[in-house]
Amino acid sequence: MPVHIAELISQMTLEEKAGLCSGADFWHTKAVGRLGIPAMMVSDGPHGLRTQEEGKGINDSIKAVCFPAGCASAASFDVDLLRRLGETIGAEAKAVGLGVVLGPALNIKRSPLCGRNFEYYSEDPTLAGELSAAFINGVQSQGVGTSPKHFAANNQETRRMTCSSNMTERTLREIYLPAFEIAVKKARPWTIMHSYNLINGTYAGESYELLTRILRDEWGFDGFVMSDWGAVSDRVAGLKAGCELEMPASGGVNDQKIVAAVKDGTLPEAVLDKAVARLLNIVLRWADLAAEPAPELDLARDHDTAAAMAAECAVLLQNRGALPLAPGQKVVYIGGFAAAPRYQGGGSSHVNSWRIDSALDAARARGRAVEYVEGYPTDRDQREEAEFLRAVEAAEAADVAVIFAGLPDSFESEGYDRKHMRLPDCQNNLISRVAAVQKNTVVVLHTGSPVECPWADEVSAVLCMYLGGEAVGRAADALLYGDAEPCGRLPESWPLRLEDTPCYLDFPGDGHTADYREGVYVGYRWYDARRMPVRWPFGHGLSYTGFVYKAAALSADTMDENGSVTVTVTVRNTGARPGKEVVQLYIADETGTTGRPPKELRHFAKVALEPGEEKQVSFTLTARDLSYYDEKMGGWYAASGDYTVLIGHSSRNIPARLTLHYQTARRRPLTVDENTAMGDLLRDARTAPVMKSVLQSFGSALGMNGGGENAAITEEAGLQMLDAMPLRAMASFGGAQAAAALPGLLAALRAALPEAQNKE
């Protein structure tokens with residue numbers, strides 16, 4: 001503890017220390033004026049500031065630029081873009097006096113139905129983690145902190161404050177924690193926000209395992225933990241677990257509980273002092289940085305930045321020739337979203353936007369020959385037949401029909417989950433009717449998460465803008481007309497239908513528990529394991545140019561657990577236009593280890609290429625890239641054997657494959673007793689020689705060594721039976737001699753293994 005902080009704490013009363021552990025109001029920490037401790041303001045801001053105006057209600061926020069939401073910015077697959085986004089939001093935060101931006105939101109997209117998916121990055125923890133680390137580093141470079149959220153496993157809105165997310169330790173460690181781990185280790189956020197939900201029956205904010213052992217002891221987090229707003233259940237238990245700050249203010253109720261617990265001895269005052277020290281370390285750091293000159297707030301400049309970013313985040317899902325639009329074509333825009341785009345989600349991240357650009361306004365500003373027909377409204381599922389007919393007639397008379405579709409605000413928001421994965425029926429119906437008369441039909445989607453697209457095979461092109469921020473219309477115009485190059489990739493799989501999704505039978509649970517029965521098979525891991533067709537796979541996205549991969553290579557064919565290997569591949573732009581390719585590296589375990597997905601994303605890089613240009617992209621692999629979380633070993637483990645390094649354009653477009661042999665002296669624990677299966681012993685290199693020797697003596701009695709074509713048990717059947725046969729079966733099938741040999745066999749097997757792995 002720094003000396004000056006220790007001195008401050010020594011001068012504070014018990015009541016003052018307890019008081020610092022909760023907010024002063026909805027957005028501020030408490031000040032201690034007599035000791036010069038200031039109040040620090042926090043505010044929502046994953047994709048734009050929602051800073052409360054002085055003297056107004058909590059929903060009255062200042063005008064700010066609304067940048068692409070997490071669903072869109074993740075589609076960029078671009079750590080440099082996320083760093084710039086963080087720098088821009090951090091500078092705005094600094095200009096208005098904020099201490100901490102409440103974000104980014106890192107929760108995994110377990111189901112497309114989660115109402116808050118628009119704010120989250122991905123179904124893949126590596127992608128979410130790397131992008132969030134870049135954003136955090138960007139924000140904090142401006143002298144403002146961040147609060148990655150919601151730690152952890154907050155994957156639904158239904159009963160989020162009382163529902164328990166139940167899963168295995170491996171599932172938690174492999175899927176729902178790594179994004180936070182990457183963020184903590186690579187960006188050192190000032191704070192972390194814990195989630196509302198319980199995890200395996202314990203509130204996240206009261207889990208010592210989560211907030212102290214994992215977050216602090218394993219990952220080295222050195223900031224403070226704050227609660228989500230209203231997420232505190234037992235304040236004293238939370239403080240003991242490692243939650244330093246309760247938000248918002250509790251009116252002194254929980255402060256008094258802390259004081260009482262210290263006085264009656266149930267809460268050591270040293271625990272409270274440590275919490276206060278962690279809070280002061282951040283508050284005083286911010287106060288020092290806040291004394292430096294603040295940047296000028298330039299919303300017009302930041303709006304232009306938002307437009308450029310939205311173009312980088314859009315995903316061209318399908319293109320059979322209708323795009324880009326050509327000068328002189330007669331184009332009709334259909335759908336209310338053309339004039340009033342949906343560009344952000346509802347709830348705590350909702351920004352009071354500075355300005356909104358629609359695609360229709362952008363087209364008119366550029367002098368494009370675009371007719372507009374509303375077709376259907378943006379805010380409800382309503383069909384007017386006369387308007388439908390007008391849209392169909394206009395489409396038939398045009399060269400190209402561009403339909404702007406998407407989810408109304410009421411369909412997805414913080415606080416509740418979607419009930420289905422469909423667009424409004426009026427939109428699906430009109431898209432099909434237009435496509436029936438116009439072969440050059442383009443659909444532009446404004447949505448925070450995947451939707452079913454039953455008309456996909458009927459239209460020429462589909463451009464997904466996700467929720468691209470307040471300048472999404474300008475970006476859409478540039479992409480449609482080829483003034484910008486589409487280069488986004490899907491950060492989540494788009495299934496054909498809701499029933500195909502991994503947790504269809506379990507989401508959102510019974511209101512009390514949400515059982516994560518799909519385990520580590522989330523998103524593409526599930527679809528690939530089941531060889532299931534999807535509408536568009538994870539990592540997919542098209543361009544107006546083309547790319548080829550060549551000269552993929554490893555710096556070495558073999559790696560041990562303390563080493564590393566460099567992977568290189570050359571990417572060439574084979575088209576006539578400049579473009580950006582996202583190179584994705586996946587790992588496939590070929591060792592025969594059970595329960596591993598067919599492939600898992602481990603690295604990615606975005607590379608800009610002029611026509612005909614080629615660049616080499618490189619990645620570094622370590623043992624962690626090959627590993628899974630082994631519950632028996634209590635850590636990350638990769639078995640010795642071969643692994644395939646897959647390099648490509650998406651999870652289902654893999655032009656380059658390399659084989660890497662991995663060696664480790666470590667072995668999984670193997671318990672040897674009378675119930676240990678013989679197959680397990682034969683597959684373990686340490687015990688296999690002992691077992692083979694035994695089988696030479698007793699093989700016939702145990703169904704081995706064949707018996708001719710008329711034998712009741714063939715050799716193949718005998719081997720299969722032996723695989724699952726426990727050692728004690730030697731006595732049952734081998735008679736007295738085998739039974740007498742069993743104790744010696746157990747002793748020999750145990751001698752081949754570390755003592756800690758055996759059971760007497």
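Predicted model only: the values in this text are computed from it and were never measured.
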So, using side chain to side chain donor-acceptor pair (under 3.5 Å) as the criterion, who are the partners of Glu174 when residues are at least two apart? Arg170
Which residues pass the side chain to side chain contact (heavy atoms under 4.5 Å, CB included) test with Pro655, not counting sequence neighbours? Tyr549, Asn653
Does NZ or CZ of Arg110 lie under 6.0 Å from the centre of the six-membered ring of Tyr516, at an angle within 45° of the ring axis? yes
With sequence neighbours excluded, tell me which residues meet side chain to side chain donor-acceptor pair (under 3.5 Å) with Thr191. Ser147
Supply the atom-to-atom distance Asp589 CG to Leu626 CG, rounded to the nearest 0.5 angstrom. 8.0 Å
In terms of side-chain geometry, is the basic nitrogen of Arg657 or Glu590 positioned less than 4.0 Å from the acidic oxygen of its partner? no
Partner of Ser449 under side chain to side chain donor-acceptor pair (under 3.5 Å), picked from Glu492, Arg418, Arg116, is Arg418
Between Leu82 and Ser76, the two heavy atoms sitting closest are CD2-OG, 3.6 Å
Taking it one step at a time, do Asp500 and Tyr527 satisfy side chain to side chain donor-acceptor pair (under 3.5 Å)? CA-CA 8 Å; Asp500 294 340; Tyr527 301 113; over 6 Å; no
In terms of side-chain geometry, is the basic nitrogen of Arg489 or Glu581 positioned less than 4.0 Å from the acidic oxygen of its partner? yes
What I want to find out is whether Arg667 reaches Asp684 closely enough, with some N-O distance under 4.0 Å, to be called a salt bridge. no
Between Glu169 and Tyr629, is any side-chain donor less than 3.5 angstrom from a side-chain acceptor? yes
Taking everything shown except Lys632 itself, do over 12 heavy atoms lie less than 6.0 Å from its NZ? no
So, using side chain to side chain donor-acceptor pair (under 3.5 Å) as the criterion, who are the partners of Thr266 when residues are at least two apart? Asp264
Regarding Arg683 and Asp680, does a basic nitrogen lie under 4.0 Å from an acidic carboxylate oxygen? yes
Would Glu130 and Lys186 pass as an ion pair if we require N to O under 4.0 Å? yes
Would Arg535 count as a cation-pi partner of Trp494, with NZ or CZ less than 6.0 Å from the six-membered ring centre and within 45° of the ring normal? no
Partners meeting ring pair (Phe, Tyr, Trp, His ring centres under 6.0 Å) with Tyr196 (sequence neighbours left out): none
Quick one: do Thr212 and Asp217 satisfy side-chain contact (heavy atoms from CB on, under 4.5 Å)? Show the steps, please. CA-CA 6 Å; Thr212 296; Asp217 298 344; 4.0 Å; yes
Heavy-atom count check: over 12 atoms from other residues, nucleotides or ligands less than 6.0 Å from Arg216 CZ? yes
In Å and rounded to the nearest 0.5 Å, what is the OH to OG distance from Tyr662 to Ser640? 7.0 Å
In chain order, what residues pass the side chain to side chain donor-acceptor pair (under 3.5 Å) check against Ser627, with sequence neighbours excluded? none
When Pro502, Ser651, Pro597 are each screened for side chain to side chain contact (heavy atoms under 4.5 Å, CB included) with Arg525, the one that passes is Pro597
